[in-house]
Amino acid sequence: DDNRAGGSQIWFDGRFIDTADGEAPLTTHAMHYGSGVFEGIRAYATTDGGSAVFRLPEHLQRMRKGCELLGIPFDVAAATEATLQVLRRNGHRDAYVRPLAWCGTGSIGLDVAPLSKHLMVATFPTNVHLAGAHVRLGTSSWRRNPATSLPPLKLCGAYVNSILAKHEARQRGFNEALFVDDQGRVVECTGANVFMVRDGRVTAVEHRDALQGITRDTVIALTGAESRPVRHDELLDADAVFVCGTAAEVTPVAELDDRRYDDHRVALEIAAHYQRVVRGDDARYVHWLTRV
Ligand code: PMP
């Protein structure tokens with residue numbers, strides 16, 4: 001109702017601010033050390049004319065885990081309310097939702113106890129579909145953050161690892177990077193999980209250093225895919241490969257290094273089913289939708 005013309009607003013520590021007015025002090029701890037936790041969530045216009053957030057509780061529970069590790073208080077119920085409020089306020093039906101909790105100011109040391117803690121939720125309209133924008137994957141020379149050093153959660157600082165891999169991939173003419181471990185097992189991409197298709201069978205790549213993707217879990221539920229460790233050479237041998245994530249949805253991989261894949265039928269079928277699910281068109285999965 002109070003939707004400002006031209007710009008959207010951000011929920012910030014319990015109030016709404018214009019996006020252009022959002023500022024953080026230069027001494028913000030999270031900017032210096034990466035001490036923040038974020039989520040990437042999507043809302044979809046549903047076919048009944050409304051809109052809904054897809055698997056909101058799962059996203060916010062994951063965020064709570066990250067916040068707990070970093071000593072940032074996080075109230076799932078309050079974050080749920082903030083998310084729904086900012087979506088309503090901005091009138092975004094198809095939207096990418098970005099909550100961020102972070103350590104602010106009060107000290108320049110590494111102890112987070114004396115620092116102020118903050119939460120924001122921003123929404124971005126997403127009418128663009130990545131489906132069709134095929135992924136050209138290059139195997140990264142970088143290793144994924146090992147779970148023994150950085151747990152696979154959405155901790156801000158951890159994403160420098162993804163940024164390095166993405167930057168390298170771009171420089172080499174790819175548009176996405178594939179992380180592989182020292183034993184040649186596939187981990188994940190910079191912001192998406194990996195699947196392969198072989199003789200019509202769908203397999204989800206499992207790795208302890210990979211984020212437990214909510215889209216990955218969704219695709220496993222929709223397809224009955226098996227989940228297991230997968231070697232890099234199995235991926236090169238597969239009939240097809242696809243990636244999935246909240247932002248990527250379900251996207252076929254067109255190339256991996258020198259290998260090209262051209263049969264994207266299974267991935268595109270799953271992508272289409274995923275669209276029906278997130279838009280409330282499959283009655284079996286409407287429990288995954290939080291109505292805005
Ligand atoms: N891996 C990484 C590193 C990611 O950042 C993401 C995006 N959150 C994913 C996988 C996919 O996770 P989800 O399906 O929960 O968005």
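Start at 1 and go down the list; that is how both ligands and their atoms are numbered.
Assignment of S162 to the shell around ligand 1 is not supported, since no heavy atom sits closer than 4.0 Å. Ligand 1 is approached by T190 to a heavy-atom distance shorter than 4.0 Å. Ligand 1 does not have Q212 within reach: every non-hydrogen atom of the residue lies 4.0 Å or more from it.
Here the side chain of D94 pairs no donor or acceptor atom with the backbone of P125 at under 3.5 angstrom.
Looking at V194, D209, L211, I214 and measuring to atom 15 (O) of ligand 1, the nearest heavy atom belongs to I214. Nearest-residue assignment for atom 9 (C) of ligand 1 (options C244, G213, G191, A248; heavy-atom criterion): G191.
Closest protein heavy atom to atom 7 (C) of ligand 1: K154 NZ, 3.3 Å. In terms of protein heavy atoms, atom 1 (N) of ligand 1 is closest to E188 OE1, 2.6 Å. In terms of protein heavy-atom proximity, atom 3 (C) of ligand 1 is nearest to R144 NH2, 3.1 Å. Regarding atom 16 (O) of ligand 1, its nearest protein heavy-atom neighbour is T246 OG1, 2.6 Å. Closest protein heavy atom to atom 14 (O) of ligand 1: T215 OG1, 2.6 Å. For atom 5 (O) of ligand 1, the nearest protein heavy atom (residue, atom name, distance) is Y159 OH, 2.5 Å.
Between Y285 and F54, the ring center distance fails the sub-6.0 Å criterion.
Judged as a salt bridge (charged side-chain N to carboxylate O under 4.0 Å, His left out), and not counting sequence neighbours, D209 has no contacts.
Looking at R93, R279, R291 one by one, the single match for salt bridge (Lys or Arg N to Asp or Glu O under 4.0 Å) with D48 turns out to be R291.
Taking both residues in full, the closest heavy atoms of L178 and V186 are given as CD1-CG1, 3.7 Å, listed atom of the first, atom of the second, then distance. What you find for L235 and Y261 is that their closest heavy atoms are O-OH, 2.8 Å.
Note: H134 and H264 have perpendicular aromatic rings, judged against thresholds of 30 and 60 degrees for the angle between ring planes.
No part of A210 comes within 4.0 Å of ligand 1, judged by heavy-atom distances.
With respect to the salt-bridge test (charged N to carboxylate O, under 4.0 angstrom), the residues E176 and K166 qualify.
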